[in-house]
Amino acid sequence: MQMPVALSAYATDVDKSYYIIYWLSVVLFIGIIGAATYFCLAYKRKAGVRAEPTGHNNILELSWTVAPVFILAYLFWIGWKGYVDMSIVPPNAIEVRGRAFQWGWDFEYPNGAHTPDLKAPVGKPVKLILSSNDVLHAFFIPQLRIKRDTVPGMYVSLWFEADKEGDADIFCAEYCGGKGEGTAAIGHWAMISKVHILSVADYDKFILEGGGAKPGESVPDWGKRLYVEKNCAGCHSLDGAVGAGPSWKGIFGRTGVMTAGPDIVADENYIRESILEPQAHIVKGFGPVMPSFKGILQDKEIDAIISFMKTLK
Amino acid sequence: MSSPSGAAAHDSHDSHAHEHPSYVAHHFDTAQQQFDAAKLGMWVFIATEILMFGGLFVAYGLMKAKEPEVFIAGHHYLNKVMGAANTIVLLFSSLTAALAVRSSQLGKRNETSAWLVITIFCACIFLVVKYFEYSHKIEEGLLPGRYFGHPFFDMSAAPGFHEALPSRANMFFGLYFLMTGLHGLHVVIGMAILGWVLMRNMRGDFSPEYFTAVEIGALYWHLVDLVWIYLFPLLYLIG
Amino acid sequence: MNAHAEHPDDGKVRPHIAPALFYWGIFGALIFLTVTTVAVSYVDFGAANTVIAVLVATVKAVLVATFFMHLAHDSLFNSIILCMAFVFLGVFVGLTYEDTSTRNQLDDANGAMIYVRTGEIAPAAFPHKMIVAPHAAEHKAAEGGHH
Amino acid sequence: MNTQAQPQAGHHDDAMLNTNYLKAGSGWKSWAFTLDHKRIGIMYLVFVLAAFLTGGIFALLVRTELASQGHTIVSGPTYNKLFTLHGAIMVFLFIIPSVPASLGNFILPMQLGARDVAFPKINLLSFYIYLVGATFALVSIGYGSVDTGWTFYTPYSLHDPEAATKVLYMTAAVFVLGFSSILTGLNFLVTIHTLRAPGLTWTRLPLFIWGMYATSIMQVLATPVLAITLLMLIFERVFGLGIFDPKLGGDPILFQHFFWFYSHPAVYIMIVPGMAIVSELIATFSRRVIFGYFAVAMSSLALALVGFLVWAHHMFTSGMSEYANMLFSALTFLVAIPSGVKVFNWTATLYKGSISFAPPMLYALAFLFLFTIGGLTGLFLGTLNVDIHLHDTYFVVAHFHYVMMGGTVIGFIGGILYWWPKITGKMYNFTSASVGAWLTFIGFNVTFLSQFVMGSRGMPRRYYDYLPEFEQLHRVSTLGSYILAVGLFTTAGTLIQSLARGRAAGRNPWGSVALEWQTQTPPVFQNFEETPIVTRGPYDYHLATDEELREDLYAVDPAK
Ligand code: HEA
Ligand code: HEA
Ligand code: CUA
Ligand SMILES: [Cu+2]
């Protein structure tokens, strides 16, 4: 029962509590089961031998009622102390907003940039302000030993300070449903993202450049980058292959057949609607699985995606 | 530990077996034992009812602590006079139920029937008053949850009859209907139980020796009263 | 086996029978309390109104349970059951209130302060100012932050 | 004396009172309308085991899907339904009613020396309510089934447009099942209070009765809150009450309080009966008074009371107040004390006993082993900072299977094997029963030990798919579950075989001094030909004669 690699001092702290309980349990378990095994072997039933009448031993009884109280109080104490450390955010922490939605993450940085995976500098406290657009989710990074439910209608916060550079997984750890069939299915289990712990220099660079087209990047190229970063690529191909959603090949200006209602020409308005309210018109042959990107994609970004789409002939 | 061979001749059970009255079920030894069991059972049942209603009171209490102004604003739309009248009706019915038990204990069969009839009649009055209260609320669109403001549950009609109420007043009326509705259901069940007791009483099932059903039925009815004793002030008289 | 064992069993139960007038007396007390509580509700004591209402209701409930429901002359265990029901309700509401009344208080910097700082309401929330823990604001105002 | 039966039994004639209960009446009506606690217990046993089988099949489907990464046999949303149904069936249809409604119904009045439970009609009613609830659950499955997880957390359970009617059916099912559970508890409480045989004082009550008593208290006090919670959930869905739904201004965390206020005591409703059986088994097969009888009896009550104070330890990451987290973490540790008292006393009972390894005892020892692991891992979860990491990972899954499956279910099967000869009058094959026990034990550990490892490394639960680093462990776990299934099917086969071809069991196969073994096998309609008078404690083996301790495995006269 090894804990995963620890990426922060706080994680090491949790591991300390974990292993204290672990070894305590091992000792207790071996003591109890060892004794039971020994008794089973030593006092196996023999013909003509009776069990000895049960006596009393008040000291024994009292001690195994009272001694655990101290052990347990100690366990409570280490758990609570560690928890307080996690709950009180250092005042100088960098503030990042995290929004959960069915089924993905969106992180917003002080400069207004949005990413679906989290970027954080090494050695600096980062405070995440979490919220949810729809149902309960939970933000979970095993390697940092942090977890917090994102509750719709409420802000909660969480902080960490990684002490090593590297990547780690972000899981959704509160059940949030799922939809779709076959390979197109998406849901709670697929709400996996990454946290990239960057060097302070890299992080500063990201913050300077983020939040729009990078210097020297054309608008369609920015759209293409968003296509990857916002995980449109998870469902939409560029080469005509059908995935969870229709391919974007030749999408702009084509006439789409809808499940209900008249056919629609894919113009700017329709595409904008498809992104913000995907369930309003469903393309025939697909399920209503596309999440809304309302509040996640800015207007500028949608424009960039559309200009990228125009290049996909 | 036991004597399966049956040496104990004056086993408490066998000694009276021959005079076991017909109303004592085969698995009880004595009428008192059966009576105590029934009563204990009823009290345990009352505890479960209290915890069930209690869940609603807990929701009420927590929500009120969070948004007191919603409750205060909402309660002005309840009719204190009707609520108080109903309280008195229910208290009176509780009295008559207790008197029914007393008459039954004394073996006064007709008197018991009379008290039971009065009790059931009070229950009817209670429901009639409730009917007027409910229909008034429904007409005004003081409906639970998302139907709030839409008269007659008509979601297509324009909402917003009560702009003076805080926007969360729908929750107050949701709780109001849920709590009084569940209580009303208990009133109806109580009437059925008392009706059944009345029928058995008129048939002559009860005597000073055996009146368990009267007692149990009355206990149930008092519970209905108990719940209302809390519902009335908490819904109608706050703030 | 039970307390009644001293009676030789004659197929009878022996209830305590109170005089009818006594029940009427209890009823009178109940009506008096009802009138009082309604009257008091017209006077504004602020939050104390609810407390008074609940207290009066409890007195009424005790009267009904003790006399109409015969707990006074019943096995003590039945009273214990009734009390247990209320005790566990108390535990339920008390410990839950402990949560709802102290959310986000350990650390002011926590999420709940967003509203106070920026007026921003969390996504998927009902657009109502009370949603965002109101005490956080008072708390901040009263103590100027604490640790 | 034997002829001096009780003439007061209404429609039962005297002769019937003292015939074998299985022969007192025939035809389906004699079962469907029976008021005999023994027959009701058997009917419950059949349905409860059917529920176990159904839940088990869902479990095997879950495990098979997880055998490899990605799509294995079902799609993601189907998987969500599978584990929801697995959890909901196992909890509400199987484990909550399991021991009390089946074995409890059968054995409890016999251990009391009573002729029936206090309210036989309510007992039958509770059985039919159970069936109605089960039917609702089936309807919900027929509709395409719920996918909310067994916990019905809001707002997911409110907004998922696909699940609308199904959620209503499933909540209605659980609502109805709750009443069945309440009525059973009520019946037992009153029975224990009023129907003890002469001489059966509180200090002479078997520990099984003490366990049932504590369980009943919890059933009666906690279940109504579940009922009202579900009613509010239904109301919230239909009308939009605005208490649990954040979109309407409600508080989704409040729903979790409501849910766990029932569901945490519910886990003690599950385990205490298992512990109660184990106390009986350890006493019988060590032939000793349980060490610290009084402490063990009181620890059941303590669990019942303290169990009500800890519910929010399921909500440490939920966004609940930090102070509430602190309080509930502290209170959680309190429950370890009475559990520990039990474990230590059982172990001490073995010391200087005369231990037999008959199949039921194998289950008692397995319980000791598995419950200790399950309980100790509960302490990891009660520790705040460690739970933050472990919450909603497979560590939790492994924890609760160790206590529910490894504790309650193992205890339950042990109890079935223990009382089987008394219930059916047939003795089963010891060899295949022991093989079944060992396979179950080994398979179980393989299945769930690997899950502790995954969980501590951060594998979240309720995941249809997972990252490659977990595949190896998932595979091991799936393999274990197949071994486990083989073990359980072996046990089931052993029992079925005994019905068909087993030899008639003797009156007291294990040489027990407990009351229920002193009457005929199978018992007569009214349990004892005449009311027994109790003169000593339930485990006073040291006062018994050699004749009383004779293991009467097979009846001398197989015709009987
Ligand atoms: C039969 C059911 C059962 C039982 C008996 C228990 C027993 C315990 N459980 Fe468990 N639990 C569940 C069923 C059960 N649980 C379920 C179903 C869930 C998950 C539900 C879900 O989310 O779907 C859960 C989840 C769960 C959580 C939430 C985890 C999470 O979601 O993050 C926690 C946290 O505190 C917890 C704690 C405990 C503790 C402290 C005990 C204690 O009672 C254990 C006490 C026993 C011992 C400690 C061992 C023996 C004692 C000794 C050997 C004495 C010496 C010991 C010391 C001095 C340390 N359990
Ligand atoms: C009593 C409770 C109980 C029991 C016994 C089990 C038994 C099993 N459980 Fe389950 N489980 C839960 C309660 C239970 N579970 C709950 C509450 C959840 C959470 C659900 C949620 O998240 O919402 C869960 C979740 C859960 C998961 C996690 C799913 C996820 O999070 O994605 C897994 C995965 O491995 C699993 C596996 C198993 C397995 C392999 C068994 C095996 O032990 C099953 C073996 C049984 C059989 C193979 C049937 C054979 C039976 C017979 C032949 C009849 C026998 C008769 C006699 C022997 C007399 N269970
Ligand atoms: Cu999002 Cu699970
Ligand atoms: Cu719990």
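Numbered from 1 within each chain, the chains take letters A, B, ... in sequence-line order. All values reported here derive from a predicted model rather than from experimental measurement.
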Residue from A/Ile21, A/Val135, A/Ile20 scoring the most non-hydrogen pairs under 4.5 Å with chain D is A/Ile21
Answer yes when D/Asp387 and A/Lys147 have at least one side-chain N-carboxylate O distance shorter than 4.0 Å, and no when they do not. no
Can you name the closest pair of heavy atoms from A/Pro68 and D/Ile337 and give their distance? CB-CG1, 4.4 Å
With a 6.0 Å cut-off on the ring centroids, do D/Phe83 and A/Tyr175 count as close? yes
Distance-only side-chain donor-acceptor flag, D/Asn385 / A/Ser17, under 3.5 Å: yes
Indicate yes or no: does D/Glu551 engage A/Arg45 in a salt bridge with an N to O separation below 4.0 Å. yes
Counting N and O atoms only, with roles assigned by atom type, does the side chain of D/Arg287 sit under 3.5 Å from a partner on the main chain of A/Glu52, one being a donor and the other an acceptor? no
By side chain to side chain donor-acceptor pair (under 3.5 Å) - contacts of D/Gln69 (at least two apart): none
A/Asp117 meets the salt bridge (charged side-chain N to carboxylate O under 4.0 Å, His left out) criterion, sequence neighbours left out, with A/Lys119
Closest non-hydrogen atoms of A/Ala51 and D/Arg288, given as atom of the first, atom of the second and distance, are CB-CG, 3.5 Å
Short question: side chain of A/Thr54, backbone of D/Val289 - any donor-acceptor pair under 3.5 Å? yes
Given that the side chain runs from C-beta out, which part of A/Ile33 has a heavy atom under 4.5 Å from chain D: side chain, backbone, both or neither? side chain
Centres of the A/Tyr83 and D/Phe316 rings: under 6.0 Å? no
Heavy-atom distances under 4.5 Å only: say whether A/Phe140 touches chain D with side chain, backbone, both or neither. side chain
Could you check, using the six-membered ring where one of them is a Trp, whether D/Tyr463 and A/Trp189 have ring centers closer than 6.0 angstrom? no
D/Tyr351 atom OH, over 12 foreign heavy atoms within 6.0 Å: no
Counting only heavy atoms not in A/Trp77 (residues, nucleotides, ligands), do more than 12 fall under 6.0 Å from its CH2? no
In terms of heavy-atom contacts, D/Ala336 and A/Leu72 come closest through CB-CD1, 3.8 Å
So A/Tyr18 and D/Phe380, would you call those rings parallel, tilted or perpendicular, with 30° and 60° as cut-offs? perpendicular
